[in-house]
Amino acid sequence: MTPRTQAPTATHCPYCALQCAMSLSPTASEASGTALKVAGRDFPTNRGGLCRKGWTSAELLTHPERLTEPLLRGDDGELRPVSWDVALERAAAEVRKAQAAHGRDAVGVFGGGGLTNEKAYLLGKFARLALGTSRIDYNGRFCMSSAAAAGNRAFGVDRGLPFPVEDLGAADTILLLGSNVAETMPPFVQHLAGARAAGGLIVVDPRRSATAALTVDGAGTHLAPAPHTDLILLLGLAHVVLNDGLLDRSYLARRTEGLESVARSVAPWWPERVQAATGVPATLLRETAGRLAQSARTGSCYILTGRGIEQHADGTDTVTAAINLALLLGLPGSARGGYGTLTGQGNGQGGREHGQKSDQLPGYRKITDPGARAHMARVWGVPEAAIPGPGVPAVELLASLGRPASPEKPGGVRCLFVHGANVVVSAPDVTAVREGLRALDFLVVCDFFLSETAREADLVFPVLQWAEEEGTMTNLEGRVLRRRRAVDPPAGARSELWIMNRLAALLDAPSSFPDDPETVFEELRLASAGGLADYSGITYARLDAGEALHWPCPDAATGAPPHAGTPRLFAERFAHPDGRARLVAVRTPAPVPAAPTAGAFTLATGRLLEHYQSGAQTRRVAALAAAQPEVRLSLHPAAAAQLGIADGAWVRVRRERAVAGAGLPGPSARPEPVVLARAELTSGIRPDTVFLPFHFPGLAAANRVTEQRTDPISGMPEFKTTRVVVEPAVVEPAVAGPRFLASAVPSHREEQ
């Protein structure tokens with residue numbers, strides 16, 4: 001690895017959407033195992049702080065497992081190095097073969113929320129023009145789609161935080177639902193200091209997470225509702241606001257529609273009924289609603305949501321209920337507070353704006369909108385008919401892998417490209433997903449390590465890491481940031497832009513596919529112009545000059561000053577044509593019943609401080625892996641005592657009942673998947689709930705037992721309320737431990 005310069009390079013952390021600012025400096029230290037030194041950089045989101053993941057991020061740049069040449073699977077089942085010419089020719093040949101036999105949609109693309117804006121944009125264009133397929137979606141469908149759907153129908157646009165994160169510092173009350181920021185994005189916690197000092201941090205979580213623990217000693221309130229009752233809790237808070245006259249009637253009359261239908265829908269949820277369903281005391285419910293209303297009138301109040309209330313089969317409705325509560329209090333677009341959702345992945349915001357989603361075109365345009373299609377046809381220089389229609393969301397896309405055509409369903413994807421995702425660990429029901437990958441005719445994976453998904457591939461393209469590339473990212477505030485190259489990449493690795501450029505040429509694709517990031521961004525500016533997520537006024541030069549540019553940032557008229565961007569949305573109007581927000585009445589599902597099965601619990605999955613997403617990167621950092629080397633199941637001591645499970649003992653976690661193969665090839669029923677984990681007894685979780693982190697592979701993969709059930713509006717999977725049975729497990733000492741758990745599931749053809 002060769003540093004680009006001896007001076008520090010200003011860039012941003014490669015992990016979460018807080019996108020903490022950092023600088024990278026060359027170092028001659030041999031002991032550190034890296035040629036770069038990481039330093040925090042003063043910036044509004046992190047104020048110079050970084051978490052453990054950020055401090056160790058540069059270690060991966062010189063990791064011995066780094067991929068530096070293409071790998072092609074031979075007839076013997078082994079992956080072996082080949083030249084780039086051979087690899088690219090083979091990929092193009094497999095595309096032509098699949099589409100000749102099964103049609104254009106036989107080729108699919110699965111993207112990622114960690115790709116730069118440039119790569120996300122060009123990947124959508126590549127799928128639709130070079131491959132001619134509608135079958136593209138991405139892993140952001142797993143973590144942001146319900147919040148996006150709710151934001152779109154309430155406000156007419158989806159931006160995680162429609163205000164700068166610094167605004168939270170002035171709040172005396174913050175209601176935080178389903179997010180453990182103290183572990184997932186630790187530098188964010190400093191923005192909660194004002195609310196904590198005022199005793200107004202209210203955290204909703206069935207666990208006493210690190211974030212919930214911030215409410216102790218008078219700093220706030222922890223509400224721990226029963227699993228799958230977040231929606232009822234929010235309806236109950238809205239009921240109190242309406243019934244006790246705490247709503248902002250002037251704001252509602254001026255700026256919203258739909259109050260009457262929402263009032264009717266929450267009428268049945270009086271506090272005592274909510275208490276019976278959620279376990280949250282009625283007095284505490286009334287106190288919380290009163291606190292929110294008082295703060296909205298005389299102080300500063302924010303409502304923030306995270307994955308904990310979104311990753312449900314009714315996640316869109318639950319987020320909608322949170323937005324309804326915010327609107328009743330007059331918060332969105334006001335100077336007294338607001339509503340926002342905490343984007344997770346590094347480019348979770350930008351990655352969903354410019355064409356990776358199955359139903360969208362760049363600029364957050366709908367792919368079914370004739371005007372949007374005509375605009376993109378002009379930018380791309382192709383007939384409008386050349387742009388495919390909408391595809392299918394991620395879970396449905398993965399369920400179609402290798403599926404033969406039938407009278408009931410068209411044939412599924414036969415050749416798949418995966419960019420920036422590790423679906424063998426991160427997708428719901430990973431056993432079914434692995435079967436689908438193995439049923440493909442050809443699988444291409446772009447990665448810089450041999451991830452669990454790359455191990456299943458027929459062809460692996462080695463790509464660049466974050467500090468080796470130029471580009472832009474969009475953080476959780478909708479602020480566009482510059483990613484800068486600090487080191488030269490290994491000689492054999494290539495950017496995804498370069499790969500798409502070469503493949504597009506081999507496939508005789510129309511339009512152009514530049515491999516220079518700034519050239520791609522200039523095209524993205526044109527493509528997004530006039531859209532909801534308008535980047536047309538943003539340039540590399542302005543970003544490099546240090547301007548803070550939040551979208552929408554349209555290109556100014558000739559002679560006018562450049563547009564300053566929009567750090568605060570909704571101050572004057574919402575994005576619906578009439579400028580008004582929509583209160584949307586939602587239906588209430590029945591709470592998940594307590595099953596009679598012995599040892600049955602509701603499983604919630606989530607993150608740990610030391611690891612990120614599927615763990616493909618953080619499990620390779622020695623300090624992080626040593627801190628969290630294996631999967632542990634959080635279990636209440638009372639529940640453990642009933643099952644005869646001791647702290648640190650091995651347990652088996654299985655679904656309460658077997659689930660069919662969800663339309664995948666092969667038998668309709670599969671052997672029941674299980675997770676093997678160590679029990680970690682804690683009183684910080686409800687006795688009816690267990691928790692597993694989702695960062696581990698093999699028998700330790702939490703998503704072996706999650707289901708493919710999805711929200712009907714957003715397509716987001718149900719990750720938070722799977723019914724499972726926990727049982728003691730006998731594990732031989734010789735096979736116990738993280739290495740066995742990770743390798744217990746053989747990769748593609750190892751079992752043959």
Side-chain angles (χ1 to χ4, degrees), residues 16-17 109-115 120 123-124 134-161 177-179 230-231 304-323 339-362 364-368 390-399 420-421 423 426-429 433 474 476 478 532-533 584 586 605-606 613 694 703 706-721:
C16 81
V109 176
F110 197 93
L115 301 178
L123 188 62
S134 70
R135 274 13 187 195
I136 177 172
D137 211 62
Y138 80 129
N139 63 9
R141 186 72 67 173
F142 299 159
C143 62
M144 280 304 302
S145 54
S146 287
N152 279 324
R153 72 180 183 182
F155 305 129
V157 67
D158 155 46
R159 198 176 89 185
L161 294 185
L177 301 114
S179 182
D230 306 284
L231 176 52
L304 305 176
T305 61
R307 307 299 82 74
I309 71 162
E310 297 164 16
Q311 290 175 326
H312 296 281
D314 59 356
T316 301
D317 282 349
T318 306
V319 179
T320 296
I323 294 173
Y339 162 82
T341 184
L342 301 176
T343 305
Q345 294 191 75
N347 200 30
Q349 183 68 61
R352 66 184 186 264
E353 295 167 356
H354 298 302
Q356 282 192 102
K357 291 181 76 173
S358 62
D359 55 352
Q360 286 183 189
L361 291 170
Y364 233 136
R365 289 180 163 89
K366 294 180 180 178
I367 200 168
T368 54
V392 297
V395 174
E396 187 176 346
L397 175 65
L398 293 174
V423 294
S426 64
D429 194 0
V433 170
T474 305
L476 77 175
L532 291 170
V584 180
V586 297
T605 66
Q613 300 299 83
F694 55 69
N703 285 321
T706 55
E707 302 175 58
Q708 292 182 327
R709 193 160 59 105
T710 60
D711 182 300
I713 300 170
S714 68
M716 174 176 273
E718 169 65 82
F719 283 122
K720 300 300 185 186
T721 60

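Below, all heavy atoms of this structure are taken into account, side chains as well, without hydrogens, waters or symmetry copies.
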* **Student check: side-chain heavy atoms of Leu161 and Leu342 closer than 4.5 Å** => yes
* Structure fact -> Closest non-hydrogen atoms of Val586 and Leu231, given as atom of the first, atom of the second and distance, are CG2-CD1, 3.9 Å
* For Asp711, salt bridge (charged side-chain N to carboxylate O under 4.0 Å, His left out) partners two or more places apart -> none
* Quick one: do Thr721 and Arg709 satisfy side-chain contact (heavy atoms from CB on, under 4.5 Å)? Show the steps, please. => CA-CA 11 Å; Thr721 60; Arg709 193 160 59 105; 4.2 Å; yes
* Asked: Is a donor on one side and an acceptor on the other found under 3.5 Å between the side chain of Asp359 and the backbone of Pro390?
  -> no
* Structure fact -> Sorted by chain and residue number, the side chain to side chain contact (heavy atoms under 4.5 Å, CB included) partners of Ala17 (sequence neighbours excluded) come out as Thr343, Leu476
* Do the side chain of Gln356 and the main chain of Gly112 share a donor and acceptor less than 3.5 angstrom apart? -> yes
* Report yes if the side chains of Val392 and Arg135 come closer than 4.5 Å at any heavy-atom pair, otherwise no. => yes
* To do: Apply side chain to side chain contact (heavy atoms under 4.5 Å, CB included) to Asn347 and list each qualifying residue two or more places apart in sequence or on a separate chain.
  => Asn117, Met473, Thr474
* For Gln311, all residues meeting side chain to side chain contact (heavy atoms under 4.5 Å, CB included), sequence neighbours excluded -> Cys143, Arg307, Met716, Phe719, Lys720
* **Modelled atom types, side-chain donor and acceptor of Arg141 and Ser358, under 3.5 Å** => yes
* State, with a plain yes or no, whether a side-chain heavy atom of Leu177 is found less than 4.5 Å away from one of Asp230. => no
* To do: Could you tell me whether a side-chain N or O of Asp158 sits under 3.5 Å from a main-chain N or O of Asn152, the two making a donor and an acceptor?
  => no
* Asked: ring pair (Phe, Tyr, Trp, His ring centres under 6.0 Å) with Tyr364: which residues, sequence neighbours excluded?
  -> none
* **NE2 on His354 to CZ on Arg365, rounded to 0.5 Å** => 10.5 Å
* Specify the closest pair of heavy atoms between Gly351 and Ala120, including all atoms of both residues, with the distance to one decimal. => CA-CB, 4.2 Å
* To do: Using modelled atom types only, decide if a donor and an acceptor are shared between the side chain of Gln349 and the backbone of Gly160 within a distance under 3.5 Å.
  => yes
* Structure fact -> Taking every heavy atom of Lys357 against every heavy atom of Arg352, the minimum-distance pair comes out as CD-O, 3.7 Å
* List the steps, then state whether side-chain contact (heavy atoms from CB on, under 4.5 Å) holds for Asp317 with Ile713. => CA-CA 9 Å; Asp317 282 349; Ile713 300 170; 4.1 Å; yes
* **Minimal non-hydrogen separation, Val395 against Pro428, with atom names** => CG2-CG, 4.0 Å
* Asked: Do side-chain atoms of Asp137 reach the backbone of Ala394 as a donor and acceptor pair under 3.5 angstrom?
  -> yes
* To do: Could you tell me which non-hydrogen atom of Ala150 sits nearest to which non-hydrogen atom of Thr320, and how far apart they are?
  => CB-OG1, 3.5 Å
* Excluding sequence neighbours, so at least two apart, what forms side chain to side chain contact (heavy atoms under 4.5 Å, CB included) with Tyr339? -> Phe155, Ile303, Thr305, Val319, Ala322, Ile323, Ala326, Pro332, Thr341
* Point-to-point distance, once rounded to the nearest 0.5 Å, from CG of Leu115 to OH of Tyr138 -> 10.5 Å
* Asked: Asn139 and Gln613: side-chain donor and acceptor closer than 3.5 Å?
  -> no
* Atom of Ser426, atom of Phe142 and distance for their closest heavy-atom approach -> O-CD1, 3.9 Å
